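So the structure is just underneath, and the comments pick up after that.
Here the structure is a predicted model, which means the values were calculated and not measured. First the proteins, then the strands, lettered A, B, ... as listed; each starts at 1.
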Number of protein chains: 4
Amino acid sequence: MPKVGMEPVRRRALIDAAISTIGERGGLDVTMSQIAGRAGVSSALAHHYFGAKDDLLQATMRHLLAELASEAREALKTARTARDRVSAVIAVSFSASQFQPETVGAWLAFYVEAQKSPAMRRLLRVYARRLHSDLMSGLRHLLAAEDAIVAAEGIAALIDGLYIRRALKEDTPDTVSAVRLVEDYLETKLQSRGT
Amino acid sequence: MPKVGMEPVRRRALIDAAISTIGERGGLDVTMSQIAGRAGVSSALAHHYFGAKDDLLQATMRHLLAELASEAREALKTARTARDRVSAVIAVSFSASQFQPETVGAWLAFYVEAQKSPAMRRLLRVYARRLHSDLMSGLRHLLAAEDAIVAAEGIAALIDGLYIRRALKEDTPDTVSAVRLVEDYLETKLQSRGT
Amino acid sequence: MPKVGMEPVRRRALIDAAISTIGERGGLDVTMSQIAGRAGVSSALAHHYFGAKDDLLQATMRHLLAELASEAREALKTARTARDRVSAVIAVSFSASQFQPETVGAWLAFYVEAQKSPAMRRLLRVYARRLHSDLMSGLRHLLAAEDAIVAAEGIAALIDGLYIRRALKEDTPDTVSAVRLVEDYLETKLQSRGT
Amino acid sequence: MPKVGMEPVRRRALIDAAISTIGERGGLDVTMSQIAGRAGVSSALAHHYFGAKDDLLQATMRHLLAELASEAREALKTARTARDRVSAVIAVSFSASQFQPETVGAWLAFYVEAQKSPAMRRLLRVYARRLHSDLMSGLRHLLAAEDAIVAAEGIAALIDGLYIRRALKEDTPDTVSAVRLVEDYLETKLQSRGT
DNA sequence: AATGAATGAGCCTTCATTCAT
DNA sequence: AATGAATGAAGGCTCATTCAT
């Protein structure tokens with residue numbers, strides 16, 4: 001029952017299907033048929049809208065990044081103090097929508113893919129830079145310049161590390177304890193200010 | 001002219017070839033032929049010694065873990081104080097042999113694989129537990145029980161996070177700054193002891 | 001805003017597009033989308049007007065043949081002598097409209113297709129017969145019956161052969177030298193009449 | 001029942017299968033499976049020995065050319081006079097092994113392919129040049145320089161033209177009449193020498 | 001001990017074709 | 001009149017795996 005104006009619907013459905021398929025299977029070695037099937041269409045249609053598999057995957061990654069960026073923007077908007085800004089960024093990284101095992105699995109898979117694919121690497125770098133600058137927008141006012149940078153790097157590394165652990169699905173940190181761990185790191189950094 | 005006693009030699013060569021191939025290509029989607037070729041043998045021989053591809057991959061991961069464990073044991077042997085023990089564990093994680101891009105790439109690939117393969121996941125869990133207990137063997141004497149656990153988890157997460165960043169190959173932390181970041185974290189934790 | 005009476009316009013546009021697409025790509029393995037796209041319409045419309053791809057291709061070939069026949073008819077009309085008739089047929093075969101690389105490429109592609117498709121073969125046979133009878137309409141008066149037939153066959157073969165060489169696009173005979181070669185053949189045949 | 005030293009056997013079988021499949025189907029749009037199947041092996045094996053489909057097709061064409069060249073060399077060896085040399089070249093072009101419908105169909109298909117594939121075009125050019133020089137090796141002694149060149153081009157075009165007609169499989173010239181036609185052309189050229 | 005030979009299964013991708021609008 | 005939406009079928013190619021030697 002074909003209708004007109006299906007393109008955006010299908011594109012979105014296919015990207016969503018890609019995320020969950022990748023997350024569930026835990027890797028980018030998913031087939032177009034699996035993705036298309038989960039989206040309820042034929043694999044030919046996926047090619048029709050996205051071209052090659054790589055293009056679909058990149059679009060998926062871009063979607064993931066855009067979603068994260070949008071959430072971050074939203075969260076920063078309501079943050080009143082510099083301290084709040086930092087916590088907001090941390091919170092978003094572990095928000096319900098981002099820290100689901102499925103999404104985390106997809107993230108990790110993309111990280112690995114970035115080792116081979118310059119296009120993916122470029123996308124991830126954008127994310128890394130934005131995360132850094134978002135963190136700095138708060139830390140800058142709380143710590144000396146150099147300390148702020150170290151703290152930002154530490155927080156970023158912690159987030160990535162917790163994502164990895166989360167992806168392994170067992171014995172993994174839940175949202176709350178993940179946030180607590182990073183916040184604790186931040187807190188000690190802030191308190192050692194005067195030392 | 002077949003020789004006797006080649007088995008251990010071939011197994012080792014194949015595992016080494018697997019590590020470098022995986023590290024170079026940045027993923028587990030390497031072919032048996034690539035690995036075997038790099039080891040200078042036919043792919044049939046790889047099957048002869050390891051059975052299936054998965055078996056070779058698992059053996060490779062086990063080798064990686066064993067090497068890390070051995071280095072850690074060695075380092076801990078010469079550590080005199082509790083404080084030294086913690087630094088030793090950190091140092092080993094970023095030692096020359098472990099923190100090479102190739103090896104790091106392989107590690108990351110295995111992390112991803114662990115999402116699908118229970119066998120791999122089990123292996124990684126062993127590593128995580130040992131890392132934790134190695135860290136605790138020092139931290140236990142430096143911090144209150146709960147704080148020690150948090151610190152151990154933080155350090156572990158930081159290490160993983162820095163590995164990811166390293167794998168992306170550009171703009172990435174070198175050995176020295178990676179160690180410094182983790183040590184800095186540790187240091188602030190220790191100093192905030194009295195707070 | 002659909003218009004009425006578009007059918008002949010579209011059919012013609014599609015056939016023209018087919019010729020140039022086939023000629024350009026040098027084979028019948030062109031897609032309906034390519035043809036339709038060049039004609040400025042959707043591929044669905046091509047099916048609407050022609051049914052299947054084969055039908056469009058056959059219509060294209062028929063168009064090519066009809067054009068050739070029409071040119072020949074025109075040329076023969078103005079030929080005064082028997083000798084002129086033969087030269088007229090030769091000239092048409094290498095006329096500007098027929099001997100363009102694009103058209104030649106299409107011709108050759110159809111020749112190959114004719115090996116598989118009886119329908120195409122039938123069409124080509126019609127062309128071959130007409131060429132033969134056109135040639136004979138002049139040669140009959142210039143040579144003995146048997147010699148005339150041989151000459152007609154020779155000329156026909158030469159034309160096809162020169163088409164092939166032209167299709168290869170490099171080092172190929174231009175219009176003038178092609179005509180000269182065939183005319184030379186004809187001339188020697190005529191002069192050896194008395195031998 | 002795998003044995004060693006099968007490579008040359010398989011390569012040859014696959015090339016033979018390619019020729020007959022192409023000749024029979026009348027085009028290069030044959031599948032690897034068809035070719036491999038006719039050779040009695042899996043399509044995977046065809047890829048194993050030849051790489052891509054294009055490579056197999058090029059090898060096939062090269063084989064065809066080599067065979068022709070070899071036959072020509074042989075025939076020229078026994079030719080005593082200049083006149084004999086020319087006839088020998090003509091004879092080879094229509095020899096039993098070359099002028100079979102299957103082989104002729106393959107030739108034609110390759111001609112068409114050459115329009116797209118520079119590699120194929122290069123191969124065909126080599127053939128064209130050799131044919132030309134083989135013809136000239138005789139004609140040079142029988143005609144004035146310019147006339148010899150024209151005759152060589154005429155003969156070559158005739159041969160190609162007769163191949164086309166033969167490929168269409170019906171109403172086509174048999175070996176004998178094809179040779180007669182070309183020889184007749186040659187004869188008239190030689191006799192018009194003094195004119 | 002080691003390998004060449006061989007294949008089945010699977011994936012990406014293309015394309016003619018159909019259908020509802 | 002015209003098209004976007006959608007798919008089934010098919011083909012090229014890769015690869016892990018097996019087997020006889």
Side-chain angles (χ1 to χ4, degrees), chain A residues 1-7 9-10 29-36 39-56, chain B residues 1-7 9-10 29-36 39-57, chain C residues 1-7 9-10 29-36 40-57, chain D residues 1-7 9-10 29-36 40-56:
Chain A
M1 44 205 116
K3 289 179 184 174
V4 283
M6 294 305 289
E7 172 148 5
V9 180
R10 296 303 188 198
D29 55 346
V30 294
T31 74
M32 286 296 267
S33 296
Q34 286 164 359
I35 296 174
V41 298
S42 71
S43 72
L45 196 68
H47 279 99
H48 178 62
Y49 282 125
F50 285 96
K53 185 184 178 183
D54 263 8
D55 298 323
L56 170 54
Chain B
M1 46 203 114
K3 297 171 187 168
V4 284
M6 291 304 286
E7 171 147 4
V9 180
R10 296 303 191 196
D29 54 348
V30 295
T31 73
M32 288 295 269
S33 296
Q34 286 164 357
I35 296 174
V41 298
S42 72
S43 72
L45 195 68
H47 276 98
H48 178 63
Y49 282 127
F50 286 96
K53 185 184 180 184
D54 268 2
D55 299 323
L56 167 55
L57 255 28
Chain C
M1 41 203 113
K3 296 172 189 167
V4 283
M6 292 304 287
E7 172 148 5
V9 180
R10 296 303 191 196
D29 54 346
V30 295
T31 73
M32 287 296 268
S33 296
Q34 285 165 357
I35 296 174
V41 299
S42 72
S43 72
L45 195 67
H47 277 96
H48 178 63
Y49 281 126
F50 286 96
K53 186 186 180 183
D54 267 2
D55 299 322
L56 168 55
L57 255 28
Chain D
M1 42 204 116
K3 289 177 184 174
V4 284
M6 293 306 290
E7 173 148 4
V9 180
R10 296 305 188 198
D29 54 346
V30 295
T31 73
M32 287 296 268
S33 297
Q34 285 164 359
I35 296 174
V41 299
S42 72
S43 73
L45 196 68
H47 279 102
H48 178 61
Y49 282 126
F50 286 95
K53 185 185 177 185
D54 264 8
D55 298 323
L56 169 54

Using every non-hydrogen atom in the two residues, find where [X] and [Y] come nearest and quote the distance to one decimal.
X: Met32(A); Y: Ala46(A); value: CE-CB, 3.9 Å
X: Tyr49(B); Y: Arg10(B); value: CE1-CB, 3.5 Å
X: Asp55(A); Y: Phe50(A); value: CB-O, 2.9 Å

Whole angstroms only, please: what is the [atom1]-[atom2] distance between [X] and [N]?
X: His48(C); N: dA1(F); atom1: NE2; atom2: P; result: 5 Å
X: Leu56(C); N: dT17(E); atom1: CG; atom2: C1'; result: 14 Å
X: His47(A); N: dA10(F); atom1: NE2; atom2: C1'; result: 14 Å
X: Ile35(D); N: dA10(F); atom1: CD1; atom2: P; result: 18 Å
X: Met32(A); N: dA10(F); atom1: CE; atom2: P; result: 21 Å
X: Leu45(C); N: dA5(F); atom1: CG; atom2: P; result: 17 Å
X: Gln34(D); N: dG12(F); atom1: CD; atom2: C1'; result: 13 Å
X: Lys53(B); N: dG10(E); atom1: NZ; atom2: P; result: 16 Å

Next on the checklist: Please check this pair: side chain of Lys53(A) against backbone of Val30(A), looking for a donor-acceptor N/O pair closer than 3.5 Å.
Outcome noted: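 Here the side-chain-to-backbone pair exists.
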Checklist entry - For dA1(E), which nucleotide in any strand shown is its Watson-Crick or wobble partner with both distances under 3.5 Å? => result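 Pairing partner: none.
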Checklist entry - Using purine N1 to pyrimidine N3 plus N6-O4 or O6-N4 for Watson-Crick, or N1-O2 and O6-N3 for G-U wobble, each under 3.5 Å, what pairs with dT7(E)? => result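 For dT7(E), the partner nucleotide comes out as dA16(F), under the 3.5 Å rule.
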Next on the checklist: For Gly40(C) and Asp54(B), find the nucleotide of DNA chain F closest to each by heavy atoms; which residue's nucleotide sits nearer the 5' end?
Outcome noted: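 On the 5' side of the pair lies Gly40(C).
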Next on the checklist: By nearest heavy atom, map Glu7(B) and Gly51(C) onto DNA chain E; which one lands nearer the 5' end?
Outcome noted: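 Nearest-nucleotide comparison on DNA chain E picks Glu7(B).
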Checklist entry - When all nucleic acid strands are considered with a 4.0 Å heavy-atom cut-off, which category describes Val30(A): base, sugar-phosphate, or nothing? => result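 Sugar-phosphate contact only - Val30(A) comes under 4.0 Å of backbone atoms but never of a base.
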Next on the checklist: Between Asp29(C) and Asp29(D), is the side-chain contact (heavy atoms from CB on, under 4.5 Å) condition met? List the steps.
Outcome noted: CA-CA 8 Å; Asp29(C) 54 346; Asp29(D) 54 346; over 6 Å; no
Checklist entry - If only side-chain N and O atoms of Arg10(D) are considered, is one of them under 4.0 Å from the OP1 or OP2 phosphate oxygen of dA5(E)? => result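 No, Arg10(D) has no side-chain N/O under 4.0 Å of OP1/OP2 on dA5(E).
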Checklist entry - Given dA5(F), is OP1 or OP2 found less than 4.0 Å from the side-chain N or O atoms of Tyr49(A)? => result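 Yes.
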Checklist entry - Which of these nucleotides, dC12(E), dC15(F), dT3(E), is closest to any side-chain atom of Ala44(D)? => result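 When the side chain of Ala44(D) is considered, dC15(F) is the closest of dC12(E), dC15(F), dT3(E).
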Checklist entry - Picking from dC15(F), dT13(E), dT3(E), which would you name as closest to the side chain of Thr31(B)? => result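 Looking only at heavy atoms from C-beta outward on Thr31(B), the closest nucleotide is dC15(F).
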